[in-house]
Structure formats: structure tokens, C-alpha cells
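Everything below concerns the one structure shown next.
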Amino acid sequence: MTTTNDIGDRGEEIAAAHLDDAGYRILARNYRHQRHEVDLVCEDPDGDEFVFVEVKTRSGTEFGVPEASITEEKRQSLRAAARGYLHGEEAEGAPARFDVVAIMLTDGSPEVRHYENAFWA
């Protein structure tokens with residue numbers, strides 16, 4: 001039986017492959033700072049900014065589209081994780097943005113939607 005963790009793990013793998021194919025460099029996966037986590041930390045294709053990526057995966061629409069589940073509380077947690085990452089890299093003040101990659105797993109190929117600058121810090 002497939003669990004929600006299995007679905008999430010599969011979505012993160014699909015998102016990482018999608019970003020890698022688009023020229024992003026994956027710097028960290030499931031980065032944790034205190035109780036906060038961000039799924040993927042990347043460098044954009046031009047190497048100009050850090051990109052903190054939240055991956056949301058669904059296998060159906062009974063709970064809505066994946067990207068709709070990112071609450072203000074989740075955005076605050078992502079911001080805290082990003083601040084922790086930048087501090088740890090001694091990169092406070094570096095250009096950074098928050099992206100969302102939404103994955104729909106259906107019978108066919110996964111549907112991937114990448115939202116750049118999905119929300120502001």
C-alpha cells in the first residue's frame with residue numbers, strides 16, 4: 001500500500017529531476033533548521049540566486065490541487081528554514097526566492113507545474 005510519505009518522496013524525486021533538467025543545481029534536500037524544513041535548496045540556472053523549493057504532491061484532487069495546500073504558516077516555516085540555510089552558508093542578504101513545484105501523480109506521466117517566485121520573503 002502506498003503511503004503519503006511514499007507519494008511525497010516520489011514527488012520530491014520528480015521535482016529534483018525536473019529542476020536538474022532545467023539547469024538548477026541542487027544544493028540540499030530536506031534541509032532542516034530547528035523545527036523548519038525546506039524540500040530542496042537550489043542555485044538557479046544562471047547561478048545568480050538561491051532558490052528554496054517547496055514540493056507538493058497529490059495522487060488525486062479530492063483534497064484540491066497540490067499548490068493550494070501551502071498555508072501562511074507553511075510559508076513562514078519555509079522563510080525560517082531559508083534564513084537558517086543562508087546563515088549557515090554565510091550568505092545572509094544573498095539574492096533568493098521561493099518556488100513551488102506541484103506534482104500530480106495519475107495513471108499516465110506525472111504532471112509537473114513549477115511556480116517561480118511563488119511567494120515573497
Side-chain angles (χ1 to χ4, degrees):
M1 181 174 177
T2 303
T3 67
T4 54
N5 283 342
D6 295 335
I7 291 168
D9 291 346
R10 181 163 179 234
E12 286 182 19
E13 288 299 320
I14 291 166
H18 168 80
L19 292 166
D20 186 60
D21 290 347
Y24 290 76
R25 186 165 69 103
I26 309 294
L27 303 173
R29 290 179 183 225
N30 301 311
Y31 173 79
R32 288 191 173 280
H33 174 71
Q34 298 173 348
R35 69 179 199 281
H36 308 287
E37 179 186 7
V38 62
D39 294 322
L40 299 168
V41 180
C42 306
E43 184 178 73
D44 77 325
D46 297 327
D48 293 339
E49 63 187 341
F50 289 98
V51 182
F52 297 93
V53 182
E54 175 67 5
V55 179
K56 286 296 184 185
T57 308
R58 296 281 186 271
S59 59
T61 58
E62 59 271 10
F63 296 109
V65 294
E67 56 272 30
S69 66
I70 301 173
T71 64
E72 180 56 34
E73 182 179 349
K74 182 61 177 176
R75 289 189 291 271
Q76 288 176 4
S77 180
L78 292 167
R79 289 178 190 114
R83 281 191 301 273
Y85 183 87
L86 292 172
H87 178 75
E89 295 296 311
E90 298 181 359
E92 290 102 332
R97 71 174 199 247
F98 294 91
D99 288 8
V100 171
V101 175
I103 311 286
M104 281 299 299
L105 300 175
T106 58
D107 294 333
S109 297
E111 179 185 336
V112 179
R113 293 183 302 273
H114 179 185
Y115 299 94
E116 294 183 10
N117 289 306
F119 61 92
W120 303 102

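Nothing here was measured: the structure is a model prediction, and the numbers come from that model.
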Given the rule that I, L, V, M, F, W and Y join up when any side-chain heavy atoms are under 4.5 Å apart, are [X] and [Y] in one cluster?
X      : Y      : result
Ile26  : Ile103 : yes
Val112 : Leu105 : yes
Tyr115 : Val41  : no

Student check: side-chain heavy atoms of [X] and [Y] closer than 4.5 Å:
X     : Y      : result
Pro66 : Met104 : yes
Arg29 : Glu12  : no
Glu43 : Val51  : no
Leu40 : Leu27  : no

Would you mind writing out the side-chain donor-acceptor pairs for residues 88-102 within the sub-3.5 Å range, not counting sequence neighbours?
unit_1: Glu92; atom_1: OE2; unit_2: His87; atom_2: ND1; d: 2.4
unit_1: Arg97; atom_1: NE; unit_2: Asp99; atom_2: OD1; d: 2.8
unit_1: Arg97; atom_1: NE; unit_2: Asp99; atom_2: OD2; d: 3.3
unit_1: Arg97; atom_1: NH1; unit_2: Glu49; atom_2: OE2; d: 2.8
unit_1: Arg97; atom_1: NH2; unit_2: Tyr24; atom_2: OH; d: 2.7
unit_1: Arg97; atom_1: NH2; unit_2: Asp99; atom_2: OD2; d: 2.9
unit_1: Asp99; atom_1: OD1; unit_2: Asn117; atom_2: N; d: 3.0
unit_1: Asp99; atom_1: OD2; unit_2: His114; atom_2: NE2; d: 2.7

*Would you list the pairs meeting ring pair (Phe, Tyr, Trp, His ring centres under 6.0 Å) in which at least one residue belongs to residues 27-48, sequence neighbours left out?*
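Those involving residues 27-48 are Tyr31-Tyr85.
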*asked:* Taking side-chain contact (heavy atoms from CB on, under 4.5 Å) as the definition, give me every residue that meets it alongside Ser69, ordered by chain and number, with sequence neighbours left out.
replied: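 Once residues adjacent in sequence are excluded, the partners of Ser69 under the side-chain contact (heavy atoms from CB on, under 4.5 Å) criterion are Lys56, Arg58.
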_Please find the pair of heavy atoms, one from Val53 and one from Cys42, that lie closest to each other, and give the distance._
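Looking at all heavy atoms of both residues, the shortest contact is CG2-SG, 4.2 Å.
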*Of all heavy-atom pairs between Ile7 and Ser59, which one has the smallest distance, and what is that distance?*
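That would be CD1-OG, 3.8 Å.
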*asked:* Pair Leu19, Asp21 - check side-chain contact (heavy atoms from CB on, under 4.5 Å), show working.
replied: CA-CA 5 Å; Leu19 292 166; Asp21 290 347; over 6 Å; no
*side-chain hydrogen bond (donor to acceptor under 3.5 Å, both in side chains) involving Arg10 - partner list, sequence neighbours excluded*: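 So Arg10 forms no side-chain hydrogen bond (donor to acceptor under 3.5 Å, both in side chains) with any residue.
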*asked:* As a quick check of understanding, evaluate side-chain contact (heavy atoms from CB on, under 4.5 Å) for Phe52 and Asp39, giving each step before the final call.
replied: CA-CA 8 Å; Phe52 297 93; Asp39 294 322; over 6 Å; no
*From CG (Leu78) to CZ (Arg83), nearest 0.5 Å*: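 The CZ atom of Arg83 is 10.5 Å from CG of Leu78, to the nearest 0.5 Å.
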_If I take atom OG from residue Ser77 and atom CD1 from residue Ile70, how far apart are they, to the nearest 0.5 angstrom?_
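If I round to the nearest 0.5 Å, the distance is 11.5 Å.
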*asked:* side-chain contact (heavy atoms from CB on, under 4.5 Å), that's the test. Do Asp44 and Glu116 meet it? Break it down for me.
replied: CA-CA 10 Å; Asp44 77 325; Glu116 294 183 10; over 6 Å; no
*Provide the full list of salt bridge (Lys or Arg N to Asp or Glu O under 4.0 Å) pairs with a residue in residues 68-78, sequence neighbours left out, each pair given once.*
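Residue pairs with at least one partner in residues 68-78: Glu54-Lys74, Glu72-Arg75, Glu72-Arg79.
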_The criterion is salt bridge (charged side-chain N to carboxylate O under 4.0 Å, His left out); which residues satisfy it with Arg32, sequence neighbours excluded?_
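Scan of Arg32 (salt bridge (charged side-chain N to carboxylate O under 4.0 Å, His left out), adjacent residues dropped) gives Glu37.
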